[in-house]
Amino acid sequence: MAKRKRIKFEAFSLHGFLDGKPVNYEGLFDDLVYLSSNQRTATVGGKLVAIPKIIKSQKKYFFTAYSGFQEATLLIYDTQTTEEKIGTLPQGQLIARKVHGAVDVEKRLAYIEANRLGVNASQIAELLKFASRHIERYEGLELDLNPMAGESFNQALDELGRIQRAKVQLSRPNINWTDFSNELTTFADDSNAHVLEVEGRASRNKSLAKNNGLISFVKSVTAMAHSPIKNAWVTGSIGNNTNLTTLNLNKYVKTATVDVSVNQSGKVPEHEVREALSGLLDSDTTRDGGA
């Protein structure tokens, strides 16, 4: 029987603007396709990240992102002899992790492979911004991949009894902060901010309001298809338990899994991954356009 592998992907919404206007996503990704592999390679978050190529099919863009650390030497331990030795990699090579991903520019939707040791969505967005600097007309581009909350996030919020504190990080949505009419977004718009962080703490033995204010905002906005929330942390207790737990939105991202084959060399055929990703993008009911 042929070997199979399950790959989990996480969903993100795309937010980008240039000179105060929504970026033309198809035009941007078309231009990124034709950059050289070196122009899509940079150090992000202390690790080297590279997207060697981007493949376009209709209005979907498929890529594989590699990441790793450029170590000058490697400590190699031999379990048979219990000896160690120092090894080196040839110049320009590194021990890498890879993740697959795809973007639907019409839906402003991305699915990126969940790999704890690989590059994450935020680092991919940073790399794409870096790559765009090689194209003069994209100077000043802002680009974010915000997590799409799974249904379990609001369920977990509802299970919290006393909420001690909450912190929310927002990034500027397409196109206007005021699309999410709220005192927080109005303040961000007036400040001409790209990223806004807000934190609320309850008084001792009290709880933040669950149906008003910050918590209500988080619950309603994360339910939208294109949420401006980059991350959220909510700390509270469950039921009568006095121990505190912290909910991290990035741990509750909407996910989907696919099954792909594994060839005799242990590799997953790239065309199968692209077909699976295309199916995820097509079947996702995220609305087109919008905020």
Worksheet item: For Arg108 and Ser13, does a side-chain donor sit closer than 3.5 Å to a side-chain acceptor?
Response: no
Practice prompt. For residues Met148 and Ala225, report the shortest heavy-atom separation together with the two atoms involved.
Written response: CE-O, 3.7 Å
Practice prompt. Give the intermediate values and the outcome of side chain to side chain contact (heavy atoms under 4.5 Å, CB included) for residues Val119 and Arg97.
Written response: CA-CA 8 Å; Val119 65; Arg97 300 279 180 173; over 6 Å; no
Worksheet item: Is there a chain of hydrophobic side chains (I, L, V, M, F, W, Y, each step under 4.5 Å between heavy atoms) that links Leu244 to Ile163?
Response: no
Worksheet item: What is the distance from atom CD1 of Ile229 to atom CG of Leu170, rounded to the nearest 0.5 Å?
Response: 5.5 Å
Item to complete: For residues Tyr138 and His134, establish whether the separation of their ring centroids is below 6.0 Å.
Response: no
Worksheet item: Are any of the side-chain nitrogens in Glu10 or Lys254 under 4.0 Å away from the carboxylate oxygens of its partner?
Response: no
Worksheet item: Do Thr41 side-chain atoms and Ser37 backbone N/O form a donor-acceptor pair below 3.5 Å?
Response: yes
Practice prompt. Applying side chain to side chain contact (heavy atoms under 4.5 Å, CB included), run through Val99 and Thr64 and close with a yes or a no.
Written response: CA-CA 6 Å; Val99 301; Thr64 300; over 6 Å; no
Worksheet entry | Residue pair Glu113, Lys8: steps toward the salt bridge (charged side-chain N to carboxylate O under 4.0 Å, His left out) verdict | CA-CA 6 Å; Glu113 183 178 349; Lys8 182 169 76 171; over 6 Å; no
Practice prompt. Identify whether the distance between the nearest side-chain nitrogen and carboxylate oxygen of Asp282 and Lys60 falls below 4.0 Å.
Written response: yes
Worksheet item: Between the side chain of Ser220 and the main-chain N/O of Phe217, is any donor-acceptor distance below 3.5 Å?
Response: yes
Discussion item. Between Asn243 and Ser237, is there a side-chain donor-acceptor contact under 3.5 Å, judged purely by atom types and distance?
Written reply: no
Worksheet item: Same cluster for Val33 and Ile135 if Ile/Leu/Val/Met/Phe/Trp/Tyr side chains link at under 4.5 Å?
Response: yes
Discussion item. Testing the basics here: between Ser152 and Tyr252, what is the closest heavy-atom pair and its distance to 0.1 Å?
Written reply: OG-CD2, 3.4 Å
Item to complete: Using atom types as modelled and distance alone, determine if a side-chain donor or acceptor of Arg40 lies under 3.5 Å from a backbone N or O of Pro52.
Response: yes
Worksheet item: Is Lys56 close to Glu26 at the side-chain level, that is, under 4.5 Å between some pair of heavy atoms?
Response: yes
Practice prompt. Report yes if the side chains of Phe9 and Val273 come closer than 4.5 Å at any heavy-atom pair, otherwise no.
Written response: yes
Worksheet item: So Leu157 and Val234, side chain to side chain contact (heavy atoms under 4.5 Å, CB included) or not? Walk me through it.
Response: CA-CA 8 Å; Leu157 274 179; Val234 181; 3.8 Å; yes
Worksheet entry | Atom pair OG1/CG of Thr222 and Asn146 - distance to nearest 0.5 Å | 11.5 Å
Discussion item. Walk me through whether Phe153 and Val218 qualify under side chain to side chain contact (heavy atoms under 4.5 Å, CB included).
Written reply: CA-CA 10 Å; Phe153 180 66; Val218 170; 3.8 Å; yes
Discussion item. Contact between Val103 and Phe29 at the side-chain level, heavy atoms closer than 4.5 Å - yes or no?
Written reply: yes
Worksheet item: Heavy-atom count around Tyr34 OH within 6.0 Å, excluding the residue itself: above 12?
Response: no
Worksheet item: Is there a path from Leu160 to Trp233 through hydrophobic residues (I, L, V, M, F, W, Y) whose side chains come within less than 4.5 Å of each other?
Response: no
Discussion item. So Leu28 and Leu141, do their side chains get closer than 4.5 Å, heavy atoms only?
Written reply: yes
Worksheet item: Stepwise, does the side-chain hydrogen bond (donor to acceptor under 3.5 Å, both in side chains) test hold for Arg6 with Thr257?
Response: CA-CA 6 Å; Arg6 299 197 77 186; Thr257 57; 2.8 Å; yes
Worksheet item: Can you name the nearest heavy-atom pair linking Leu32 to Ala131, along with the distance?
Response: CD2-CB, 3.9 Å
Discussion item. Do the side chains of Lys107 and Asp284 get close enough for a salt bridge, i.e. N-O under 4.0 angstrom?
Written reply: no
Practice prompt. Establish whether Tyr66 and Tyr111 are linked, either directly or via other cluster members, by ILVMFWY side-chain heavy-atom contacts under 4.5 Å.
Written response: no
Worksheet item: Considering all heavy atoms of both residues, which atom of Ala11 and which atom of Leu109 are nearest to each other, and what is their separation?
Response: CB-CD1, 4.4 Å
Worksheet, complete the sentence: Output for pair (Tyr25 OH, Leu14 CG), nearest 0.5 Å, gives 4.5 Å
Discussion item. If the threshold is 4.0 Å, N to carboxylate O, is there a salt bridge linking Arg133 and Glu139?
Written reply: no
Worksheet item: Asn248 side chain to Asn250 main-chain N or O, any donor-acceptor pair under 3.5 Å?
Response: yes
Item to complete: Over all heavy atoms of both residues, which pair between Asn120 and Gln123 is shortest? Give the atoms and the distance, please.
Response: OD1-N, 2.8 Å
Item to complete: Answer yes or no: is there a donor N or O on one side and an acceptor on the other, between the side chain of Ser132 and the main chain of Lys129, under 3.5 Å?
Response: yes
Item to complete: Verify the distance criterion only: is there a donor paired with an acceptor across the side chains of Asp30 and Tyr61 at less than 3.5 Å?
Response: yes
Practice prompt. Nearest 0.5 Å please: distance from the CG atom of Leu208 over to the OG atom of Ser216.
Written response: 12.5 Å
Discussion item. Please say yes or no: joined through hydrophobic side-chain contacts below 4.5 Å, possibly via intermediate residues, are Val198 and Val221 part of one cluster?
Written reply: yes
Practice prompt. Please tell me if the side chains of Thr82 and Tyr77 come closer than 4.5 Å, counting only heavy atoms from C-beta onward.
Written response: yes
Discussion item. Arg201 vs Glu199, test: salt bridge (charged side-chain N to carboxylate O under 4.0 Å, His left out). Steps then yes/no.
Written reply: CA-CA 7 Å; Arg201 292 174 179 265; Glu199 183 172 3; 3.2 Å; yes
Practice prompt. For the pair Lys267 and Glu272, find out whether any cationic side-chain nitrogen is under 4.0 Å from an anionic carboxylate oxygen.
Written response: no
Worksheet item: Quick one: are Pro269 and Ser261 in side-chain contact, heavy atoms under 4.5 Å?
Response: yes
Fill in: Nearest-0.5 Å distance, CD1 of residue Ile124 to CD1 of residue Ile51
5.5 Å
Worksheet item: When you measure from the side chain of Ser283 to the backbone N and O of Leu280, does any donor-acceptor pair fall under 3.5 Å?
Response: yes
Response to the item:
d(Ile55 CD1, Lys53 NZ) to nearest 0.5 Å is 4.5 Å
Worksheet item: Is a salt bridge present between Asp259 and Arg4, judged by a nitrogen-to-oxygen distance below 4.0 Å?
Response: no
Practice prompt. Please report the shortest heavy-atom distance between Ser67 and Lys47, naming the atom on each side.
Written response: CB-CD, 3.6 Å
Practice prompt. In sequence, state the C-alpha distance, the side-chain angles, and the governing distance for Glu142 and His15, and then conclude on side-chain hydrogen bond (donor to acceptor under 3.5 Å, both in side chains).
Written response: CA-CA 8 Å; Glu142 293 292 349; His15 294 266; over 6 Å; no
